[in-house]
Amino acid sequence: MSHIIPPGSTLGILGSGQLGRMFTRAARRMGYRVHVFSPEHDSPTGQVADAEVVAAYDDLDAVRAFARGVSVVTFEFENVPAPTAAACAECAPVRPAGSILHLTQNRLREKTFLANAGLPVAPFHPAHSLADLTEGLQRLGLPAVLKTAAFGYDGKGQLLITNYNEAEAAIKSLNHSDGLLETFIDFDREASVVAARGLDGSFAHYGVIENLHRHHILDVSLAPALIPPRLAAEAVDMARCVLEKLDVVGVLCVEFFLTRDGQCLINELAPRPHNSGHLTIEACVTSQFEQQVRAVCGLPLGSTEYLRAAAMANLLGDLWSDGEPDWAAACALPDVKLHLYGKREPRPGRKMGHLTALGATVEDAQQKVLTARAG
Ligand code: AMP
């Protein structure tokens with residue numbers, strides 16, 4: 001099977017944060033070498049990679065030189081500019097394809113794709129001007145959420161509109177960037193499905209993971225999610241549909257709202273391993289990062305079986321407000337694992353690391369991980 005990229009080859013990754021770091025760890029364990037393209041020195045990925053190429057994403061000569069030195073290019077940073085992915089593709093396969101990155105970099109493109117594919121999303125309306133927004137508010141009603149179409153994540157660039165008088169100020173807050181208005185969903189829970197698709201079209205998924213957010217940032221993930229099996233099967237089917245329609249080779253996460261009346265709506269897509277899937281490192285036979293390695297190298301996908309129930313709690317920079325947290329206390333429970341990403345500056349809201357706890361039940365794992373984080 002000549003299309004396989006065998007262990008011993010060099011893999012390239014665009015983006016150098018914690019996702020790249022955990023991808024690199026999985027790849028190196030399997031005997032691959034990893035080169036990372038990073039906008040900064042001593043990055044979380046660069047610290048564990050074989051080589052860290054430091055250059056800007058728009059330095060296309062540097063991008064091509066990087067891609068020529070690897071057997072395949074993947075990414076962990078979603079906002080890699082389209083010309084950068086295209087320059088890579090001149091020199092090496094890019095998996096998932098740059099076209100998928102392009103689609104998911106813009107909420108309006110992404111939502112339009114999902115709606116055209118017949119997948120359920122919150123009702124939405126383009127809102128590039130006050131006239132669009134007024135029309136959107138009339139069509140969707142209140143409350144509604146105005147989001148920037150591009151480069152939004154973790155709730156950045158979002159505004160809740162509860163009164164028609166707020167429209168003018170809301171559109172100003174977009175600062176001339178394109179916007180998207182969405183019906184506010186009074187959801188029961190948030191969840192995600194992390195899934196992988198191989199070069200041969202094979203599909204694997206980690207079931208539904210429940211996600212608890214704080215200030216729009218993921219705080220805790222629980223797996224398997226305690227939801228009715230019918231809902232879980234629906235969410236997995238939708239994820240399968242997305243990966244197939246986009247012809248994904250790699251890992252992609254679908255984020256969902258589970259509504260109070262038992263519906264599953266897709267909120268957004270991330271064409272890479274996802275924060276909610278970090279618990280697969282300890283909980284599953286094959287982690288989401290190993291799965292990304294396998295998929296982009298054309299290897300068979302691994303088993304996604306859960307060995308134990310699991311809970312993950314993020315460690316944000318806020319935890320450092322009184323100095324370095326007490327890691328001995330965090331490690332005191334034997335079923336809790338500490339991950340730190342090698343970031344020097346603990347800014348509020350910055351993802352510095354995470355804890356994963358395994359348990360006999362999800363509730364047990366959740367209690368352990370929260371106890372460990374409380375120190
Ligand atoms: P996003 O940046 O789209 O992932 O949104 C971040 C978080 O904002 C989500 O995880 C939700 O908690 C919340 N959110 C986003 N869109 C909506 C919506 N239409 N209705 C209610 N909450 C939302």
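Below, each value reflects all heavy atoms present in this structure, side chains not excepted, and no hydrogens, waters or symmetry copies. None of the values given here were measured: they were computed from a predicted structure. Start at 1 and go down the list; that is how both ligands and their atoms are numbered.
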Below 3.5 Å, can you tabulate the donor-acceptor pairs from side chains in residues 89-99 to any protein atom, sequence neighbours excluded?
{"residue": "Glu90", "atom": "OE1", "partner": "Arg64", "partner atom": "NE", "Å": "2.8"}
{"residue": "Arg95", "atom": "NH1", "partner": "Val296", "partner atom": "O", "Å": "2.7"}

Can you list the atoms of ligand 1 that are under 4.0 Å from a heavy atom of [X]?
| X | result |
| --- | --- |
| Asn267 | 1 (P), 3 (O), 4 (O) |
| His213 | 10 (O) |
| Lys147 | 3 (O), 15 (C), 16 (N) |

Within a strict 4.5 Å, meaning less than it, do heavy atoms of the Leu218 and Ser276 side chains meet?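 Leu218 vs Ser276: side chains touch.
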Mark the output for Thr183 as yes if a heavy-atom distance to ligand 1 is under 4.0 Å, and as no if none is. yes
Please work out which of the three classes, parallel, tilted or perpendicular, describes the rings of Phe66 and His35, given edges at 30° and 60°. tilted
Specify whether His278 and His354 have parallel, tilted or perpendicular ring planes, treating 30° as the upper limit for parallel and 60° as the lower limit for perpendicular. tilted
Run down the list Glu182, Glu190, Glu268, Arg107 and name the one with the heavy atom closest to atom 12 (O) of ligand 1.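 Checking each option, the heavy atom nearest atom 12 (O) of ligand 1 is found in Glu190.
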Could you check which of Phe124, Phe257, Phe187 puts a non-hydrogen atom nearest to atom 17 (C) of ligand 1? Phe257
Give the table of side-chain donor-acceptor pairs shorter than 3.5 Å for residues 222-241, with sequence neighbours excluded, one pair per line with atom names and distance.
{"residue": "Arg230", "atom": "NH1", "partner": "Glu234", "partner atom": "OE2", "Å": "2.6"}
{"residue": "Arg230", "atom": "NH2", "partner": "Gly262", "partner atom": "O", "Å": "3.1"}

Arg373 atom CZ, neighbour heavy-atom count above 12 within 6.0 Å: yes
Location of contacts on Asp186 toward ligand 1, heavy atoms closer than 4.0 Å: neither
